[in-house]
Amino acid sequence: MARRERCSGCGINMLVSPKARVVRCSECHTLTNLVPINARPGRTRYNGLPRMHENPYGNGPSPQHPQYPQPRPSLSPVPIYGRKRALLCGVNYHGKSYKLKGSINDVKSMKYLLVETLGFPNDSILMLTENEREPSKIPTKQNIRKALKWLVYGCQPGDSLVFHFSGHGTRQKDYNHDEVDGFDEALCPLDHETEGNIIDDEINDTIVKPLTRGTTLHAIIDACYSGTVLDLPFVCRMNKEGRYAWEDQRNPLFYKRTSGGLAFCFSACDDHQTSADTTAFTGTNVRTGAMTYNFVQAIQNERRLTYGHLLNAMRYMIGDVSKAHGASQEPQLTSSDKFDIYSKPVVL
């Protein structure tokens, strides 16, 4: 079971994995070194879960915590070529009945991970949220489409590309009959009510097919119904014991492969499941996406995690909380190629 630890920086309580040796606070980003449970005389594991409640600070970070540098104000100044490049989209849907409160927090945490831990240049990260001042940085359908094209434009051998989306996902009827389950998965931009969703067929055409040999794309999609939202041909089916098999979803009538590159997608849940926007992991009233929070924590705790161990770590932590609230959310892994998930390290 997850245990509760106090941040050494701001003092908030955090839920962490029993095996974690270090954890980064989602609020102040302080690294806290952890003492193993068996090395603490007289201390027992924390078995309770924090209650779900609202964020009193609204949709942004609390005022006592530092702000981190934002990307340059337009698409054009960001270098087209570079070994590392990322697109981060967080949509809270302000003013809507279905608004979220953790999506913008998610992309801020992801940016901090990429820059401070994984060495991504600050000016090679493009962030789209409702809080941006530039109209081109608002996560509308048109802007997300342009940003997806920017992400893969001119990709070269050695490039590492990241696409992170935190927001609503949906599924709709598959009209071209390329889906095994009869549904297209889709991401919901800010203006989806008037402009429509961005479906998996388009996402695959835009950021998967152009990947040339030597280029690697990692997508981290924190949205409902997102299991196969990149339409990658191989789905990793894993049981509770961690045993897995690759499910081949290739359709001979539709080309869903790359142009020689590699594509991997970690998604929040299976195509028929929903994902949580929750306070359960921060130990405070600050909301995050369950999948994004645990992805960031796992990468920070062990830099050379394999795909299998990362997937297991997220499932373990999210499983504890989702069961407590009567939900079912199982993070998924899809890929452009089959491989041994327990021997290949995740390298972003």
Partners meeting side-chain contact (heavy atoms from CB on, under 4.5 Å) with [X] (sequence neighbours left out):
{"X": "Thr292", "answer": "Asp106, Met110, His164, Asp222, Val296"}
{"X": "Thr212", "answer": "Cys155, Thr215"}
{"X": "Pro157", "answer": "none"}
{"X": "Thr258", "answer": "Val208, Leu211, Ala263, Ser336"}

**Asked** Any chance the side chains of Tyr175 and Asp201 put a donor and an acceptor closer than 3.5 Å?
**Response**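 There is no such pair between these side chains.
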**Prompt:** If you measure only the distance, is there a donor-acceptor pair under 3.5 Å linking the side chains of Lys141 and Asn197?
**Reply:**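 On atom types as modelled, these side chains do not qualify, holding no pair under 3.5 Å.
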**Asked** Taking NZ, NE, NH1 and NH2 as the nitrogens, is one of them in Glu116 or Lys111 under 4.0 Å from a carboxylate oxygen of the other?
**Response**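 Not counted as a salt bridge, because no side-chain N and carboxylate O are separated by less than 4.0 Å.
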**Message:** Can you tell whether the side chains of Arg257 and Asp337 come within less than 4.0 Å, N to carboxylate O?
**Reply:**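 Result for this pair is yes, salt bridge flagged.
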Under the 3.5 angstrom rule, does the side chain of [X] hit a backbone N or O of [Y] as a donor-acceptor pair?
{"X": "Gln332", "Y": "Glu330", "answer": "yes"}
{"X": "Lys84", "Y": "Leu348", "answer": "yes"}
{"X": "Arg85", "Y": "Trp150", "answer": "yes"}

**Message:** Using the salt bridge (charged side-chain N to carboxylate O under 4.0 Å, His left out) criterion, which residues pair with Asp200? Sequence neighbours excluded.
**Reply:**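 Residues passing salt bridge (charged side-chain N to carboxylate O under 4.0 Å, His left out) with Asp200: none at all.
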Compile the donor-acceptor pairs under 3.5 Å between side chains in residues 180-188 and protein atoms, sequence neighbours left out, one pair per line.
residue: Asp181; atom: OD1; partner: Phe183; partner atom: N; Å: 3.0
residue: Asp181; atom: OD2; partner: Arg171; partner atom: NH2; Å: 3.1
residue: Glu185; atom: OE1; partner: Thr228; partner atom: OG1; Å: 2.9

**Asked** Roughly how far, to the nearest 0.5 Å, is the CZ atom of Phe163 from the CD1 atom of Ile203?
**Response**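 These two atoms lie 6.0 Å from each other.
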**Message:** If I take atom CG from residue Leu333 and atom CG from residue Leu310, how far apart are they, to the nearest 0.5 angstrom?
**Reply:**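 The distance works out to 8.5 Å.
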**Check: Asn204 and Leu230 side chains under 4.5 Å, non-hydrogen atoms** =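 Leu230 does not reach Asn204 side chain to side chain.
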